[in-house]
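See below for the structure under consideration.
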Amino acid sequence: MADNEPEGDNNAEEPRQQVPESDEGKGRIRYQDPDSTTPREPTLAERRARKSAEQRRLDEERAAQEAEAAKTAKRRKALIGGGATVGVVALVAAMYSASEVSASANAQTQYCAAVEEGAQQPGPRAEDEKCDPEYVESQGGYVSGGMMFMPLFMGGPMVPQYRYAYTPSGASAPPVGSTATGSTFNKPSGSTIKSTSGSTIQRGGFGISSKTGGSGS
């Protein structure tokens with residue numbers, strides 16, 4: 001080794017040690033303790049969104065309640081209307097039935113009576129066939145103006161005449177050969193009229209159906 005040759009190279013670069021960079025500034029995951037951490041206040045946008053959602057919920061509930069109330073009201077009206085209709089029908093039926101009963105109880109009876117000369121009231125009751133046009137004509141008599149004329153032999157009394165008479169309301173026809181007080185030859189209109197057998201000839205009350213078997217006045 002030379003005397004003037006240095007023992008070591010003081011100018012040689014020494015190797016540098018790498019220092020790790022600081023972790024400051026890098027993203028970190030922080031753990032928040034729910035018992036000690038104060039909740040973050042919602043932002044204005046979040047508050048508006050929550051308010052809108054709550055308003056929608058309230059509107060939907062109100063709409064559902066209104067729809068249900070409308071259905072209930074409709075059902076109630078239908079029930080009331082149906083009940084009213086049934087009530088009206090029942091009332092009309094009851095009135096009609098009561099009228100029928102009343103009309104039947106107050107019916108006038110049609111019967112065949114003799115027409116006496118000069119008399120305005122019906123004479124004694126005659127047999128029913130003497131007011132039947134077919135029977136009268138079959139016996140050689142004739143019918144004119146509601147009057148039945150029975151034939152008699154030459155030289156006999158006047159030709160007997162017959163026509164229908166009507167008793168007062170609720171009265172029955174008198175026996176054959178008897179006179180009914182209060183009877184009339186005028187056929188009533190609007191009243192129930194029954195035959196001597198009890199069948200209805202004319203219906204009064206709610207309506208009149210004329211199915212008379214003979215002639216009135």
Side-chain angles (χ1 to χ4, degrees), residues 16-111 164 166-173 182-184 186-217:
R16 298 180 180 179
Q17 185 178 1
Q18 293 183 356
V19 180
E21 295 181 3
S22 173
D23 292 337
E24 237 178 276
K26 294 184 178 179
R28 293 183 179 180
I29 299 176
R30 296 182 180 181
Y31 174 75
Q32 293 182 350
D33 186 0
D35 295 331
S36 60
T37 304
T38 302
R40 178 179 62 83
E41 289 292 330
T43 64
L44 178 60
E46 289 174 340
R47 288 199 298 270
R48 288 179 177 175
R50 290 177 185 176
K51 187 176 181 180
S52 298
E54 180 65 15
Q55 187 62 44
R56 282 195 302 271
R57 185 184 66 79
L58 293 175
D59 291 343
E60 289 174 357
E61 288 182 358
R62 188 180 300 108
Q65 291 173 357
E66 290 176 355
E68 184 61 28
K71 288 182 181 179
T72 302
K74 187 176 181 180
R75 285 195 296 268
R76 187 181 298 112
K77 287 181 180 179
L79 290 174
I80 293 174
T85 301
V86 172
V88 170
V89 171
L91 178 61
V92 171
M95 291 176 61
Y96 185 82
S97 178
S99 177
E100 285 287 292
V101 171
S102 177
S104 179
N106 295 301
Q108 296 178 254
T109 304
Q110 173 183 279
Y111 67 97
Y164 281 113
Y166 303 89
T167 65
S169 297
S172 301
S183 293
T184 177
N186 298 321
K187 181 179 179 181
S189 61
S191 298
T192 298
I193 300 174
K194 291 189 175 183
S195 67
T196 53
S197 62
S199 60
T200 300
I201 297 172
Q202 174 177 290
R203 190 176 302 278
F206 278 95
I208 301 173
S209 63
S210 59
K211 50 179 181 179
T212 57
S215 303
S217 59

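Position 1 is the first residue of the sequence, and the numbers go up from there.
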(Q) Go through it in stages, so that I can follow the logic: the residues are Thr200 and Thr192, the test is side chain to side chain contact (heavy atoms under 4.5 Å, CB included), and I'd like the CA-CA distance, side-chain angles, deciding distance and then a yes or no. (A) CA-CA 7 Å; Thr200 300; Thr192 298; 4.3 Å; yes
Q.
Is there a side-chain contact between Arg47 and Leu44 in this structure, where contact means two heavy atoms from C-beta onward sitting under 4.5 Å apart?
A.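 Yes - at least one pair of side-chain heavy atoms lies under 4.5 Å apart.
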Which heavy-atom pair separates [X] from [Y] by the least distance, and what is that distance?
{"X": "Gln110", "Y": "Thr196", "result": "O-CG2, 3.5 Å"}
{"X": "Gly190", "Y": "Gln202", "result": "N-NE2, 3.7 Å"}
{"X": "Thr167", "Y": "Ser172", "result": "CG2-O, 3.6 Å"}
{"X": "Pro168", "Y": "Gly182", "result": "CG-O, 3.6 Å"}

Q. Could you give the distance from CZ (Arg76) to CD1 (Ile80), rounded to the nearest 0.5 Å?
A.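 If we round to the nearest 0.5 Å, Arg76:CZ and Ile80:CD1 are 7.0 Å apart.
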Q) Nearest 0.5 Å, what's the CD-CD distance between Glu46 and Glu41? A)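 Reported value, rounded in 0.5 Å steps: 10.5 Å.
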Q) Under 3.5 Å, is there a donor-acceptor pair linking the side chains of Tyr166 and Ser191? A)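 No.
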Q: Considering only NZ, NE, NH1 and NH2 on the basic side and carboxylate oxygens on the acidic side, decide whether Asp59 and Arg56 come within less than 4.0 Å.
A: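 No, this pair does not count.
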Q) Does Arg57 pair with Glu54 as a salt bridge, N-O distance under 4.0 Å? A)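 Yes.
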